[in-house]
Amino acid sequence: MIRLENVSKFYEGSVVIDGVSLTIDRGRTTVLIGPSGSGKSTLLSLMIGLVAPDRGAISIDGSPLTRRTAVLLRRRMGYVIQDGGLFPHLTARENIELMAKEAGWPVERRRARMEKMAMLASFPALALDRYPAELSGGQRQRVSLMRALMLDPDILLMDEPLGALDPMIRAELQDELHAIFQRLGKTVVLVTHDLAEAAFFGETIVLMSQGRIAQQGQFADLFERPAEPFVTRFVNAQTSRLAALRETAMHKERE
Amino acid sequence: MSANITKLLRVLCLALALATPSVAISAAEKIRIGSKTFTESVILAELAARLSASTGASVTQRRELGGTRLLWDALLANEIDLYPEYEGTLTGEILANAGVVDEETLAQALAKKGVRISRPLGFSDSYALGMMAKEAQRLGISKISDLSQHPSLRLGFSHEFIDRADGWLALRAAYGFGHVNVRGVDHDLAYKGLAQGSIDVIDVYTTDAEIEFYGLKILEDDRNLFRGNKAVLIYRADLDRRAPAALSAILRLEGRVDEKSMMALNRAVKIDRRSETAAAAGFLAAKFGIFGPAPSEGMVGRILQRTVEHLRLTALSLGAAILVALPLGVISARRPLLGQAILTAASIVQTIPSLALLVFMIPILGIGATPAIMALFLYSLLPIIRNTASGLADIPLAIRNSAIALGLTPLQRLRLIELPIASPAILAGIKTAAVINVGTATLGALIGAGGYGQPIFTGVRLDNFGLILEGAVPAAMLALAAQGFFSLVEFFLVPRGLRLKPAAE
C-alpha cells in the first residue's frame, strides 16, 4: 500500500504537485491519467523516491519513504519508463539480473527466475544475449518489465510504458500486460495520457489536473458523475472525435 | 707490432696502478657533476667526470642542465656537487652584490655559501662581438665603437647575454649604442643566422670553435668592457670530505687546459662532430695518459636508454594523473559548483607554458626526473578530469533514474552503470593526455630528466640534424604508439553494447 499525505512539490517556484493525498490499494491496478504537465509522472517519481516532496509525507506499506530508507524500499518496487531506460552497455540478460547479482543471488536461482520471467513476458531466450540497441522497441519494453519484476517486488510502477510503441504492438502488449497483472496480483500504478488505455487497465482511475486530483474512481464515474467541468472536457476531448467520425462514416454508407 | 704491445702493457700497468688503491679507498665515493647547455661546459664536465671515474668513484652526470642560475641553484640545493663556471660570471652575475674585488674575496664570498673554487683551469673565455669578416671589411668596422656608426645593423644576442648585467646592458652603456634592432637568439643558432645573413653582429665566446670555422671578425673591445673570464670549477665544500680521491683527481685539471686546447676540444665536437665523451677521452689520454672506458655505446643502445627514460617519465606521470583525475572528474560531475572550481584550477595549470612549469618545479623538487614527472602529471590532469565529468554528465536522465529506481547504491551505480557508459569519453581524455604527455616530456631533458629530448637539444646545440632526428622520430613514434595502445584498450574495455547503433524500429 502506498500512502501520500498532503504532498506538494515545487519546481523553480511553480507548483507541480499541489497538496495531493492519495492511497494506492494493495493488489489493485491504479492508473494515473491527465494532460501533460498535470503532474502524473512527478507523482510516480515521488512514490519511488526519485524526487523528494517539499511538503507532506509518503509511506510504503507503513514505512515512511525518506532519503535514508529509499534505497531499501526501492527494492520492493519495480519501475518501468517510457523508452525502457535500459543500460546500453549491458545485454538484456545482464540488465535483468543486475540487481539480483548485486543482492547476491546464486546462479541457479537467477537462471530459474530468468526463465520464469522470459516465459511471463514471452521473450525469446535467444534474444537475452542481445544488447538494447539490437532489440526492437517492443522487446526493449519487455526487457524493462522483466528487469522490474526480477526481484519479485510487491509494487510495480510504470511511467507511460507503452507510449513509444506503434499502435499494433501497443495493443498486443496491453493485452499481455493485463494478463500479467491479473496473474501476479501485484499493486500496480500506471501512468498514461490515453483514456482508452486507462479504462482498459484501471480498476481505479486517478485523473490529475494542474498538480491536484480532479477525480478518483472507476471509469464509468468519469462519465456519469464528473466531479468538475474539467473531467467532462478531458473525457470528451478523447472520446468525441472518434465517435463523431464513426457516425459520419456510417451516414455515408446509408446514403 | 711491438710498439703496440708496449703501449698496451703501459696502459694495463697504468690501469692497475690507478685501480688498485681506488677500489680500496673510494669504492663508496659518489660525485654528481653538472654542466650548462653549451658545448664547452659539457666538455669540461666530461673531463671532470672521466677523471673522477678513473679513481673508481661512481659518477652521475647532469648534462646540459640549463643556464647559470639553474646550475648555481642546483649546486646550493645539493642536487649536484660540481660544475664548470667562469670567474667573471661569478663576480659579475652570481655574486654581483657581494663586494668581490679579487680572487681572495671571491673565495671568501663563495665559502659563505658553502662553495669552493678551484684554481683557474688555464684558459679564459670572455664575451666578444663578432661579425662576418667580409661584411666587417665592407662596412669598415674593426672596433666595437665603430658599430655606433651603423645603427641599422641587426644584433642577435644570446638570451643570457641580453639578461646579464655585464652583457648587453653594460655594452650599451659603455659604448652609448642606440641600436633598436636587437634580438634574442639561441647561441648555437646565432652562427647559422650570421652566415645566412639574417643577423649582422652576434656575441661570441672567445673559445668558440665556430669563430675560425665561419671566418668571423672579432671586433676589438676598444673600451675594455669585456674582462678576461677565467674558467674554474666550483664545488660544494663538503665534497672534500665525501669524495676526496675523486676531487683531487678532478683538480688535476687546474692550469692544464690552455686556450689552444679548449678551442681544439670545442672544434672536435662542434665542427668535427665527435661526441663530447670522445673528445674528452682523447684529451685525457694525451695529457694525463688516462684511458677510460670506450666512449661510444652505439645508436641503438642510446635510443634504448632514452626510450626507457622517456617511458618512465610518461608512464609514471600519466598513471598518477589517471588515479587522481578520475575521482576528481567524478566529484566534478556530482557537485557542479565544486566541479567548476576543480576545472578552473586544472585549466590554469594548463595555461602555464610547459617550460615555465618545469622550472617552477625545481625549487620544490630539485632537478632530474621527479620535477619533470610532477609537471607532466599536472599537465595530464585537465583532459582526463574534463572528459570524465562530461562523460558522466551526458548520461541520459532515463538511464540514471532507472539505476536509482532499481535500488542500486550510489557507489554501485558509479561502478556498474555510470563509469562503463562514460568509458569512451574517459578513454578519449586519457588518450589526449597521453599524446600531450609524450610530446611535453621531451622538455624534461632541460632539467636533467633525460628522455628523447636529450638528443634533440644536444642536436640543436651541435647543429646536428641527425641527432635531432634521433630524438624527434622516436618521440613521434611513441606518441603514435600511445595512441594505438589506448585505441586497443578502448576496444577491449568499452562494452560492445555502446558501439552498436540502435536497431531500426
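So that the names make sense, note that chain A is the first sequence line, chain B the second, and so on, each numbered from 1.
Put simply, CG on B/L397 and CG on A/L50 are 8.5 Å apart, with the number rounded to the nearest 0.5 Å. To the nearest 0.5 Å, atom CZ of residue A/R74 and atom CD1 of residue B/I404 are 6.0 Å apart.
Within a 6.0 Å radius of CG in A/L126, no more than 12 heavy atoms belonging to other residues, nucleotides or ligands are found. Heavy atoms of other residues, nucleotides or ligands lying less than 6.0 angstrom from CZ of B/R334 number more than 12.
Electrostatic pairing of A/E102 and B/R413 does not count as a salt bridge here, judged by no charged N lying under 4.0 Å from a carboxylate O.
B/G497 and A/Y131 get closest at one heavy-atom pair: CA-CD2, 3.2 Å. Considering all non-hydrogen atoms of both residues, B/L408 and A/M99 come closest at CD2-SD, 3.5 Å.
You'll find the side chain of A/L90 stays beyond 4.5 Å of the side chain of B/P495, heavy atoms only. Put simply, the side chain of B/S402 does not reach to within 4.5 Å of the side chain of A/L86, judged on heavy atoms. Counting heavy atoms from C-beta on, the side chains of A/F87 and B/L498 never come closer than 4.5 Å.
Proximity to chain A (any heavy atom under 4.5 Å) is shown, for B/R400, by neither the backbone nor the side chain.
Of the residues B/I399, B/L416, B/V494, B/I417, the one that meets the side-chain contact (heavy atoms from CB on, under 4.5 Å) test with A/H89 is B/I417.
Under the 3.5 Å distance criterion, the side-chain polar atoms of A/R75 are matched with a main-chain donor or acceptor of B/G407.
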